[in-house]
Amino acid sequence: MGYQFDFSAVIGNWKLLLIGLQNSIILGATCLVLGLSLGLIVGGMRYMRAPIVNWPATAFVEVFRNTPVLVQIMWFFFAFPIISPVEINAFTAASLGLTLNTAAFSAEIFRAGIRSVEKGQWEAGKAIGMTYIQQLRRIVLPQAIRRMLPAFMNRAVELMKMTSLASVIAYGELMHKAKQISTLEFNPIEMYTVVALIFFALIFPLALFVQRFELKLKDSG
Amino acid sequence: MGYEWDFLVVLRDFDLLLLGLVNTLKVTVLALVLGVPIGLALALLRLYGNLVVRAPVGLLIEFLRTTPPIAQLFWFFFALPILTGIEIDPFRASILTFALQSSAFFAEVFRGGIVSIDTGQWEASKALGMSRNESLRRIILPQAVKRMIPAFLERAIELMKTTTLVSTISYADLLYQANSIAQSTYRSLEVFSIAAAMYFLVIFACSMIVRYIEARLAIASEAAH
């Protein structure tokens, strides 16, 4: 157990780690924005009754919720390029996997959130002459979104953790940089400890904020 | 798009994929078996331990919950052996990582379930002269566990999905097998699609069972009120 810790190689490579961190955040932010937007559309489609709209949306949600996200990323990186007309690099493949995965999960959040709004709210909107879209936009969504916020923030937390999977297909995010540095400098203990701490420092405040926010929401009813 | 699909190549190696699936299930089940009791212990320590214990246990749970599992796995596989001098194979590293990682999530499920039980139940058992341990074991946990079942099963499914990470440290799970078949046959489209379909079938079946149990529990609790 007499291991001598030596963090100098980690500190010496801080520029590489910073680039990795940047790439992690870029990947996470891109997929969050795209995933939530797509999730809203898919969630809306799942809320409709017409089978031609409902079924594809349901199939999409079930497939992406019930397969491991790493398999999705690997599929988009190794399998998809064979039939894709455009070239797929590691960033595109990782973004595709993470975005579609996030979309599938957030579609369910949207659907549950909209469903949680009382029926009387829809009817009241209708009674004062609003169209379906108006009822949704002006009455239902503003109430539902407040309830959905904690679930979305949890998705963001999960997504930030999942960006580390892009290292498997050699996208230069934080985990991948750590792998490179530890192979070059033979310092896996220091490197992987530090990288875990960086992820913790990045994600824990977000998780803590979600917990606080949930409590506040519960208090205000 | 004149790609010619050829699934025969994959079917020839289907037994390798099945073996991978068995290994995936093995890691999942072992991690579950170890993770649930550790989770219960962590939850009890976080709830009822003294201050000196509570803070570090809380920190440990949060740390395991908010760091990516791949970072944990790499730490246990690449860093721990150097630190302790004990050789650790991919299988053991995977079990260790996923048992600990899932125990943190199970701990929160346990804690949520225990906290959700009305304080009147504690008071009633106290009034009967039960000690805290007795109340917990006889009154609180039996009620709490029932409420926790859905959250529990969902975590188990999450765990199965997370175990795909073991392929990155060369443990021969389904994803690893798929990857190596893809490399030897150059048929990555077919191989990865079939592997994804296999994952989907298993996980979707589990999800359906979970939904069924949830529905049954919801009916049961409605009937009880």
Side-chain angles (χ1 to χ4, degrees), chain A residues 1-3 5 24 62-85 157-158 160-168 174-175 178-179 182-183 186-208 211, chain B residues 1 3 5 24 59 62-85 157-158 160-168 173-175 178-179 182-183 186-208:
Chain A
M1 294 291 277
Y3 184 80
F5 281 89
S24 291
E62 293 297 353
V63 165
F64 279 93
R65 271 163 51 107
N66 289 304
T67 44
V69 66
L70 184 58
V71 175
Q72 292 158 17
I73 293 174
M74 300 271 274
W75 192 88
F76 279 112
F77 189 64
F78 291 114
F80 187 55
I82 296 174
I83 44 170
S84 160
V157 168
E158 281 304 309
M160 264 332 282
K161 282 160 66 182
M162 288 193 293
T163 57
S164 61
L165 297 177
S167 66
V168 176
L174 187 55
M175 197 65 209
K179 222 192 290 186
S182 84
T183 336
F186 305 109
N187 62 345
I189 301 184
E190 292 85 353
M191 194 56 253
Y192 289 127
T193 307
V194 168
V195 91
L197 287 173
I198 297 177
F199 271 114
F200 183 65
L202 184 69
I203 300 173
F204 183 59
L206 191 60
L208 210 60
Q211 284 172 14
Chain B
M1 301 267 259
Y3 182 74
W5 295 76
T24 293
L59 189 66
E62 293 304 334
F63 191 81
L64 289 170
R65 269 160 46 100
T66 49
T67 48
I70 193 171
Q72 297 165 11
L73 184 64
F74 278 23
W75 197 89
F76 279 114
F77 187 62
F78 294 113
L80 189 67
I82 304 178
L83 208 56
T84 58
I157 291 178
E158 277 306 307
M160 197 194 296
K161 291 196 260 178
T162 319
T163 60
T164 46
L165 289 177
V166 302
S167 63
T168 59
D173 79 327
L174 179 51
L175 184 57
N179 203 9
Q183 275 168 16
Y186 302 104
R187 286 279 164 188
S188 43
L189 182 58
E190 289 88 344
V191 179
F192 279 111
S193 302
I194 288 198
M198 288 169 76
Y199 273 115
F200 177 74
L201 282 180
V202 175
I203 296 170
F204 186 63
C206 294
S207 302
M208 293 310 264

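Proteins come first, then strands; the chains are lettered A, B, ... in the order of their sequence lines, and each starts at number 1.
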Engaged part of [X] at the chain A interface, taking heavy atoms whose separation is under 4.5 Å:
{"X": "B/Leu175", "result": "side chain"}
{"X": "B/Thr164", "result": "both"}
{"X": "B/Pro69", "result": "side chain"}

Measuring from [X]:[atom1] to [Y]:[atom2], what's the distance to the nearest 0.5 Å?
{"X": "B/Thr162", "Y": "A/Met162", "atom1": "OG1", "atom2": "CE", "answer": "10.5 Å"}
{"X": "A/Phe186", "Y": "B/Ile82", "atom1": "CZ", "atom2": "CD1", "answer": "10.5 Å"}
{"X": "B/Gln72", "Y": "A/Phe199", "atom1": "CD", "atom2": "CZ", "answer": "11.0 Å"}
{"X": "A/Asn66", "Y": "B/Met160", "atom1": "CG", "atom2": "CE", "answer": "10.0 Å"}
{"X": "B/Trp5", "Y": "A/Ile82", "atom1": "CH2", "atom2": "CD1", "answer": "8.5 Å"}

### Parallel, tilted or perpendicular: rings of A/Phe200 and B/Phe63 (30°, 60°)
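Judged by the thresholds at 30° and 60°, the geometry between B/Phe63 and A/Phe200 is tilted.
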
### Query
Most heavy-atom pairs under 4.5 angstrom with chain A, which of B/Ala196, B/Ala71, B/Ser207, B/Ser188?
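Max contact count across the listed options: B/Ser188.
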
### Task
Give the member of B/Ser193, B/Ala182, B/Ala195 that has the highest number of heavy-atom pairs under 4.5 Å with chain A.
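Of B/Ser193, B/Ala182, B/Ala195, B/Ser193 has the most heavy-atom pairs under 4.5 Å with chain A.
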
Which heavy atom in [X] sits nearest to a heavy atom in [Y], and how many Å separate them?
{"X": "A/Glu62", "Y": "B/Phe200", "answer": "O-CE1, 3.4 Å"}
{"X": "B/Leu189", "Y": "A/Ala79", "answer": "CD1-O, 3.3 Å"}
{"X": "A/Gln211", "Y": "B/Arg65", "answer": "NE2-NH2, 3.9 Å"}

So which part of [X] gets closer than 4.5 Å to some heavy atom of chain B, the side chain, the backbone, both or neither?
{"X": "A/Val168", "result": "side chain"}
{"X": "A/Ala196", "result": "both"}
{"X": "A/Thr163", "result": "neither"}

### Task
May I ask you to decide if B/Pro68's main-chain N or O and A/Ser164's side chain share a donor-acceptor pair within less than 3.5 Å?
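A pair under 3.5 Å: no.
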
### Task
Return the option, out of A/Ile189, A/Thr67, A/Leu174, A/Leu206, with the maximum number of heavy-atom pairs under 4.5 Å with chain B.
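Among the listed options, the one with the most contacts to chain B is A/Ile189.
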
### Query
Who wins among A/Glu190, A/Lys179, A/Met160 for the most heavy-atom pairs under 4.5 Å with chain B?
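Of the options given, most contacts go to A/Lys179.
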
### Task
Given side chain to side chain contact (heavy atoms under 4.5 Å, CB included), test A/Leu165 with B/Leu165 step by step and report yes or no.
CA-CA 8 Å; A/Leu165 297 177; B/Leu165 289 177; 3.1 Å; yes

#### Entry: Criterion side chain to side chain contact (heavy atoms under 4.5 Å, CB included) on B/Leu83 and A/Phe5, from CA distance to verdict
CA-CA 10 Å; B/Leu83 208 56; A/Phe5 281 89; 3.8 Å; yes

### Task
Start with the C-alpha gap between B/Phe78 and A/Met191, add the side-chain angles, then the distance that decides, and say whether side chain to side chain contact (heavy atoms under 4.5 Å, CB included) holds.
CA-CA 10 Å; B/Phe78 294 113; A/Met191 194 56 253; over 6 Å; no

### Query
With a 4.5 Å heavy-atom cut-off, do A/Ser167 and B/Thr168 have their side chains touching?
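Answer no - side chains too far apart.
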
